[in-house]
Amino acid sequence: MIDLKQLRDDPDRFKTGAQRKGVAVEIDRILELDAKRRAFQTEIDALRAEQNKLAKESGPKIGQLMGQIKKASGTEKDALEKQAAELRAAPARLKEKIQQLEQQSQGIEPDLNALLLQVPHPADPDVPVGKDASDNVQIRAWNPTGFDAAKGFQASKGFAPKTHIELMESLGLVDFERGVKIAGSRSYILKGAGMRLHQAVLRYAIDFIADKHGFTPVSVPVVVREECMVGTGFFPAGREQTYHIEESTRGGGYDMFLTGTGEVGLMGIHADEILDESQLPLKMATVSTCFRREAGAAGRDTAGLYRIHQFDKVEQVVICKADEAESRAWHKKMIAIVEELLQSLELPYRLLQCCTGDLGVKNADMVDIECWMPGRGDLDKSGRPTGAYGETHSASRLYDFQCRRLNMRYKGDSTEGKTVFCHSLNNTVAASPRILIPLVEMHQQADGSVRIPAALQPYMGGMEVICHA
RNA sequence: GGUGGGGUGGCCGAGCGGCUGAAGGCGCCGGUCUUGAAAACCGGUUGACCCGUCAGGGUCACGCGGGUUCGAAUCCCGCCCCCACCGCCA
C-alpha cells in the first residue's frame with residue numbers, strides 16, 4: 001500500500017512509477033475519489049460537532065423536563081411535552097442529514113480502497129527501466145575454483161553433464177510419475193538420499209542463518225487468512241497464483257489461502273502492532289512449505305523439479321527502522337548471506353539487478369540470484385543442453401509498502417514521539433527441491449554419481465557421495 | 001461437536017446510559033531529593049483521520065458491523081476471536 005498523502009502530494013511520481021513497472025492504474029480516479037471523500041468527511045465532522053454540542057446542551061434540559069412531566073398533569077403536562085419534543089427535534093434532523101452524507105461517503109470507499117491496493121510501489125531511481133526479465137542487468141557472477149560457467153560444464157569438468165532429471169531418476173532419488181499420479185502435473189516424490197538431501201539443504205540453511213547471522217528461527221502457519229495475503233502485498237495482484245480453501249462455503253466463517261512463501265507468515269507476526277524502536281531490527285527466518293498454482297505458466301519448465309506446485313523454502317525477513325540507508329544496507333547484507341551460503345555449497349551463481357518491469361507491485365528494488373544449472377538452456381548439435389542460469393533466490397526491498405498494509409509500526413527516540421511504519425525486506429535463503437537442480441548437476445561425476453559438498457555431509461549422516469545402489 | 005466465561009489504552013484491570021478518551025496499578029519519560037543510584041514524592045504518557053501556512057480547531061475509535069437513544073465502552077441484534085471444561089482425534 002502506498003501512502004495516500006504522498007500520492008496526493010506527488011501524483012506524477014506514482015504515475016511514472018506504475019508506467020515503468022508496466023502496471024495500469026487510474027491515479028487520477030483515485031485523486032478524484034479521495035477529494036470527494038475528504039469533502040464529505042469535513043462536512044460530516046462539522047455536523048457531528050454541532051450534534052455533540054446540542055446533545056450536551058439540551059440533554060440535561062430534557063432530563064429536567066422529563067422529571068417535571070412526571071409530576072405535572074393536564075395542559076401543563078402537554079406544554080412540557082411539547083417543549084421536550086422541540087428540544088429533541090434539532091439533533092434528530094442533524095442525525096438524519098449525517099446519515100445521508102455518510103451513506104454517500106461510504107459508497108466511495110470500496111472503490112477507492114480497491115484502486116489504492118493496485119497502485120504499485122514506485123521503483124527506486126537507480127533501478128533500471130525495463131519491460132521484463134530480459135532487461136535485467138547482471139551485477140556480478142561467482143564461480144567455484146576450477147569452474148567457469150561462461151565456458152560451460154564440459155570445458156571445466158571434461159565430460160558431458162546429465163540433467164538433474166536423468167541423474168536423480170537413475171540414482172533413485174525422485175519419482176515423477178507416481179508424484180503426478182497422486183497430485184497431478186508439476187508434482188513429484190523425493191525418496192531415499194534425494195529426500196535426505198532436500199532435508200539436509202533446508203536444515204543447513206536454517207542453521208546457517210540462525211547460527212552464523214543471528215536470525216531468529218520461527219515456524220509460521222502456511223494456511224492463512226485473506227488479510228495476511230493482502231497485507232503482504234500478494235493480493236489482489238497474485239490472487240490467481242494461490243490455492244484457495246473455501247471454508248466459508250462449508251460453514252466456516254472465512255476462507256483460507258495457502259501461502260506461496262514463508263514471507264507471508266513472517267510478516268504477519270507483528271501485524272497491527274506498535275513495536276518499540278529498541279526491538280528493531282527484527283531478523284527472522286522460517287522453513288515453510290510453499291504452494292503455488294503456477295497459473296499462466298502452462299507449458300513452461302514442465303519437466304523436472306524447476307517449476308512445481310509444492311516445495312519447501314527457508315526464507316529470511318528483516319523488519320527495520322524507516323530509514324532508506326538502513327534498508328539498503330540490510331538488502332546488501334541479506335544478499336551477502338546467500339552468496340556465502342552458495343559459495344559454501346560450491347555452486348556458481350550470478351546476481352541480477354531486476355528492472356522495473358520485473359519488480360512486481362510491492363518492491364522498490366529487487367535483486368535475483370541465479371544458480372548455474374548445466375542441464376538447462378539451449379541444446380547443442382547433439383541435442384544436449386548447454387547450461388544456463390536459473391533463478392533460485394529473490395531479494396526484495398519494500399520500504400514501508402508491506403508494513404503500511406499490515407499496520408506494523410514502531411516508536412522510539414528517533415521518531416520524536418510519532419508512530420512510524422517499519423520497513424521490510426525479504427530474501428530466499430534456500431528453496432528446495434529447486435536448489436537440488438544445481439546441486440546434483442554441478443556435483444555430478446563422470447560415473448553418474450553425485451558428490452555431496454562438505455557443508456552438507458554432516459546433515460547426510462556423513463555421506464560423501466550418492467552412488468547407484 | 002457440547003456447555004460455560006470473556007474481548008477496555010504498551011501491559012494488568014475498573015467502569016456497565018451523560019460528570020469516561022476512559023479510575024487504579026505496572027511500565028515508560030521528565031522533575032524534586034541524593035555524592036551517585038534506589039526508595040519516596042510531583043508531573044507527563046493511546047491511536048487514526050479531517051480543516052488550517054502557523055497557532056490551533058474538529059471528528060472517530062473500549063473485538064468487528066449494525067440498531068435503540070437528544071446522548072452508548074455501558075442497552076439490543078448479527079459476526080469474529082480468545083479462554084475453560086467435556087467429547088472426539090493425534
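Residue numbering restarts at 1 for every chain, and letters A, B, ... go by the order of the sequence lines.
Look at the P atom in both B:A61 and B:G43: the space between them is 31 Å, to the nearest Å. B:G21 sits 13 Å from B:U74 when the P atoms are compared, rounded to a whole Å. With P as the reference atom, B:G47 and B:C11 are 12 Å apart, rounded to whole Å. Separation of the P atoms belonging to B:G58 and B:G52 is 16 Å when rounded to the nearest angstrom. Atom name P, nucleotides B:G67 and B:C12: the rounded distance is 31 Å, in whole Å. B:G13 and B:C83 have their P atoms separated by 15 Å, with the value rounded to a whole Å. On the C1' atoms, B:U8 is 15 Å away from B:C64, given to the nearest whole Å. Rounded to a whole angstrom, the distance from the P atom of B:G63 to that of B:C70 is 25 Å.
A:E96 places its CD atom 13 Å from the P atom of B:G67, with the value rounded to the nearest Å. A:R225 places its CZ atom 15 Å from the P atom of B:C79, with the value rounded to the nearest Å. Between the CD atom of A:E109 and the P atom of B:G65 there is a distance of 11 Å, given to the nearest Å. Computed from coordinates, the A:D272 CG to B:C82 C1' distance equals 16 Å when rounded to whole Å. If you take CG of A:L54 and C1' of B:G18, they are 15 Å apart, rounded to a whole angstrom. The CG atom of A:L275 sits 14 Å away from the P atom of B:G47 (whole-angstrom rounding). Straight-line distance from the CD atom of A:E277 to the P atom of B:C28: 17 Å, rounded to whole Å. The interatomic distance linking A:L94 (CG) with B:U69 (P) rounds to 16 Å, in whole Å.
No donor-acceptor pair closer than 3.5 Å links the side chain of A:R397 to the backbone N or O of A:E324. Side chain of A:R37 to main chain of A:E109: no donor-acceptor pair is present (N/O by atom type, distance under 3.5 Å, no hydrogens or angles).
Taking the side chain of A:T42 as heavy atoms from C-beta on, and the options B:C50, B:A48, B:C70, the nearest nucleotide is B:C50. Closest approach to the A:A55 side chain among B:G71, B:G47, B:G67 is made by B:G71 (side chain taken as heavy atoms from C-beta onward).
For A:F257 and A:F235, the ring centers sit closer than 6.0 Å to each other.
Base pairing analysis places B:A84 opposite B:U3; the two distances defining the Watson-Crick or G-U wobble pair are each below 3.5 Å. With a cut-off of 3.5 Å on both Watson-Crick or G-U wobble distances, the partner of B:A90 is given as none. Base pairing analysis places B:A61 opposite B:U46; the two distances defining the Watson-Crick or G-U wobble pair are each below 3.5 Å. Pair check for B:G56 finds B:C51; Watson-Crick or G-U wobble, both atom distances under 3.5 Å. Across all strands shown, the partner of B:A40 is B:U32, judged by Watson-Crick or G-U wobble contacts whose two distances both fall under 3.5 Å.
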Inset, instruction - Go through the steps for A:R93 and A:K97 under the test side-chain contact (heavy atoms from CB on, under 4.5 Å), then give the verdict. - result: CA-CA 6 Å; A:R93 274 197 301 277; A:K97 192 157 180 205; over 6 Å; no
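When the shell of 6.0 Å around CZ of A:R178 is examined, it contains 12 or fewer heavy atoms from other residues, nucleotides or ligands. Counting non-hydrogen atoms of other residues, nucleotides and ligands closer than 6.0 Å to NZ of A:K15 gives a total above 12. Atom CZ of A:R203 has 12 or fewer heavy atoms from other residues, nucleotides or ligands within 6.0 Å.
Between A:R409 and A:K5, it is A:R409 whose nearest contact on RNA chain B lies nearer the 5' terminus.
No salt bridge links A:K333 with A:E340; every basic N to acidic carboxylate O contact stays at or beyond 4.0 Å.
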Inset, instruction - Quick one, give me the B/S/- string for nucleotides 52-60 of chain B, reading 5' to 3', where B means a protein heavy atom under 4.0 Å from the base and S means that only happens at the primed atoms, P, OP1 or OP2. - result: ------BSS
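In terms of phosphate contacts, A:K411 brings a side-chain nitrogen or oxygen within less than 4.0 Å of OP1 or OP2 of B:G47. Close to B:C51, at under 4.0 Å from its OP1 or OP2, lies a side-chain N or O of A:R38.
Within the nucleic acid shown, A:K95 comes within 4.0 Å of at least one base atom, counting heavy atoms only. Among the atoms of the strands shown, none is found under 4.0 Å from any heavy atom of A:R404.
Ring planes of A:F208 and A:H213: tilted class, angle from 30 to 60°.
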